[in-house]
Amino acid sequence: WGTLGHQTVGYIAQEFLAPKALAFVQSSLGSTYDESLGPAAPWADSVRYESAYRWSAPLHFVDAEDSPLSDSCSVQEQRDCGDGDCILTAIANYTTRVAKTSLSASQRQEALKFLDHFLGDIGQPLHVEAYEVGGNDISAKCSGSSTNLHAAWDTGMVSKNINENHGGEVQTYAADLIARIKTGSYKSLTDDWLSCTSITEPVSKRSGDTTAHGVEEDVKRLLARAEDAAEATITPLECPLVWARESNAYCCSVVFTYTTGEDLCTSEYYTNAVPVIDLQLAKQGYRLAAWLNVIFDGAT
Ligand code: DCM
Ligand code: DCM
Ligand code: ZN
Ligand code: ZN
């Protein structure tokens with residue numbers, strides 16, 4: 001996502017933080033970020049082209065080597081993140097690091113900003129797709145301007161949606177999605193959002209572990225492992241893989257359904273994409289809060 005999408009995820013998460021998570025977020029981010037996950041969420045994009053942070057560029061996505069044009073969408077850990085250098089492993093790494101009291105305040109702030117960002121990116125379908133470099137190499141049109149498919153999803157359709165349906169303000173957009181979560185059309189979905197079982201493709205079970213995994217089990221297992229070893233082995237978690245598969249499935253059902261030459265932002269394509277964008281941003285914001293709540297308060 002672009003700046004607006006990431007801020008939206010952060011502002012939504014901020015609204016659902018439990019007391020200790022909120023206290024950590026406020027003191028860690030401080031006045032620089034208005035003590036909020038909203039303003040802090042785009043940071044990871046602002047540093048990715050700096051030489052000191054070039055290593056972080058591959059952590060924004062996972063190149064799923066599937067076939068979305070043949071209606072075959074899938075994410076496989078070993079196939080798509082075998083080198084351990086993708087958004088799945090990054091979420092595990094920064095979950096461990098944000099919880100680690102032996103790290104400096106600035107390292108823990110950095111871990112928080114990466115989590116704030118990557119839980120957003122994993123909800124962007126083209127951040128979970130290898131085809132044509134996640135759509136970056138596919139030319140597209142958005143409201144008459146030349147762009148590419150990836151950018152249309154990161155920014156073009158998001159900003160048009162905010163302008164046309166949410167008063168042109170990212171905070172209004174976040175407030176509208178928060179209202180859907182609290183009392184509106186998303187209310188009945190939120191338990192499923194945290195169950196990590198909301199997709200048909202089963203998550204692979206590791207080392208004889210056959211228990212059901214929700215956000216709480218996932219985070220607690222990782223942090224328990226991290227206490228065992230000085231530097232925890234970076235293994236992708238179950239929930240981020242489920243989230244990645246949910247996002248990736250939209251590549252087959254929506255993202256690649258355009259017709260050649262179609263203006264993505266003024267057609268039925270846009271009408272079909274907006275509900276997916278709203279849902280993915282709302283869901284990831286809610287999941288980010290739950291994730292931090294388990295880390296700092298011990299429960300979602
Ligand atoms: N770093 C990281 N994940 C790790 C270890 C380090 O993101 N597991 C980051 C934190 C710093 C940089 O790498 O930005 C250098 O860290 P260090 O000084 O600990 O090597
Ligand atoms: N991106 C991606 N998958 C890739 C490569 C890049 O999702 N295989 C994302 C990261 C940025 C956008 O595409 O959001 C543009 O990337 P870049 O500026 O590195 O071209
Ligand atoms: Zn992107
Ligand atoms: Zn990113």
Side-chain angles (χ1 to χ4, degrees), residues 1-10 28 37-64 83-138 140 142 147-159 222-223 225-226 229-237 240 243-244 247-248 250-251 255 264 273 276-277 280-281 284-285 288:
W1 306 112
T3 302
L4 294 171
H6 283 292
Q7 289 172 334
T8 302
V9 169
S28 175
L37 295 166
W43 171 82
D45 275 336
S46 73
V47 298
R48 56 190 291 213
Y49 299 112
E50 291 176 11
S51 54
Y53 280 95
R54 205 161 289 153
W55 53 269
S56 68
L59 307 183
H60 292 249
F61 55 85
V62 53
D63 272 341
D83 62 359
D85 205 14
C86 80
I87 195 166
L88 300 171
T89 42
I91 289 172
N93 181 35
Y94 294 111
T95 299
T96 304
R97 288 174 71 83
V98 80
K100 224 180 211 172
T101 51
S102 60
L103 292 182
S104 68
S106 71
Q107 282 180 314
R108 293 179 79 195
Q109 188 207 57
E110 185 173 288
L112 179 65
K113 290 186 289 185
F114 276 128
L115 278 182
D116 188 5
H117 188 91
F118 295 147
L119 264 78
D121 270 343
I122 201 170
Q124 210 282 48
L126 287 166
H127 277 242
V128 191
E129 180 52 64
Y131 183 69
E132 296 286 2
V133 197
N136 278 292
D137 287 356
I138 298 176
C142 177
T147 182
N148 67 69
L149 183 64
H150 189 102
W153 278 83
D154 267 353
T155 59
M157 294 192 290
V158 174
S159 64
L222 178 76
L223 297 183
R225 263 205 322 255
E231 188 75 27
T233 313
I234 296 171
T235 312
L237 300 155
W243 306 338
S247 293
N248 165 269
Y250 286 117
C251 288
V255 175
L264 303 182
V276 175
I277 291 168
Q280 291 300 93
L281 294 176
Q284 291 311 122
L288 173 58

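All ligand and atom numbering here is 1-based and tracks the order in the structure.
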Requested in this report: Check Met157 against Leu264 and note the closest heavy-atom contact, atom names and distance.
Outcome: SD-O, 4.0 Å
**Report entry** Gln107 neighbourhood, listing ligand 1 atoms whose heavy-atom distance to it stays under 4.0 Å
**Finding:** 19 (O)
Report summary line: Between Leu119 and Leu288 the two heavy atoms that sit nearest each other are CD2-CA, 3.5 Å
Query raised in the report: Polar-atom distance check: Tyr53 versus ligand 1, any N or O pair below 3.5 Å?
Result: no
Report summary line: For His6 and Ala41 the tightest heavy-atom approach is O-CB, 3.2 Å
Report summary line: Taking only non-hydrogen atoms of Glu110 and a 4.0 Å limit, the atoms of ligand 1 in range are 10 (C), 11 (C), 14 (O)
Query raised in the report: Which of the N/O/S atoms in Asp154 sits closest to the Zn ion (ligand 3)?
Result: OD2
Query - Heteroatom of His150 nearest to the Zn ion (ligand 3) (N, O or S, atom name) - result: NE2
Query raised in the report: Can you tell which of Ile122, Asn93, Leu237, Leu59 makes a side-chain contact (heavy atoms from CB on, under 4.5 Å) with Leu88?
Result: Ile122
Query - Asp116 and Lys113 ion-paired at < 4.0 Å - result: no
Query raised in the report: Which pair of heavy atoms, one from Ser56 and one from Arg48, lies closest together, and at what distance?
Result: OG-CA, 4.1 Å
Report task. May I ask whether Tyr94 places a heavy atom under 4.0 Å from ligand 1? Result -> yes
Report task. Kindly confirm or rule out an N or O of Trp55 lying under 3.5 angstrom from an N or O of ligand 1. Result -> no
Query - Heteroatom count (protein N, O or S) under 2.8 Å of the Zn ion (ligand 4) - result: 3
Report summary line: When rounded to the nearest 0.5 Å, the distance separating NE2 of His117 from CD1 of Ile87 is 7.5 Å
**Report entry** Proximal ligand 1 atoms for Asn93, defined as those under 4.0 Å from one of its heavy atoms
**Finding:** 2 (C), 3 (N), 4 (C), 7 (O), 8 (N)
Report task. Could you tell me if the ring centre of Phe118 sits under 6.0 Å from that of Trp243? Result -> no
Query raised in the report: What is the minimum heavy-atom distance between Leu281 and Gly5, and which atoms define it?
Result: CD2-O, 3.7 Å
Query raised in the report: Which atom pair, heavy atoms only, marks the closest approach of Ala111 to Arg97?
Result: CB-CB, 3.9 Å
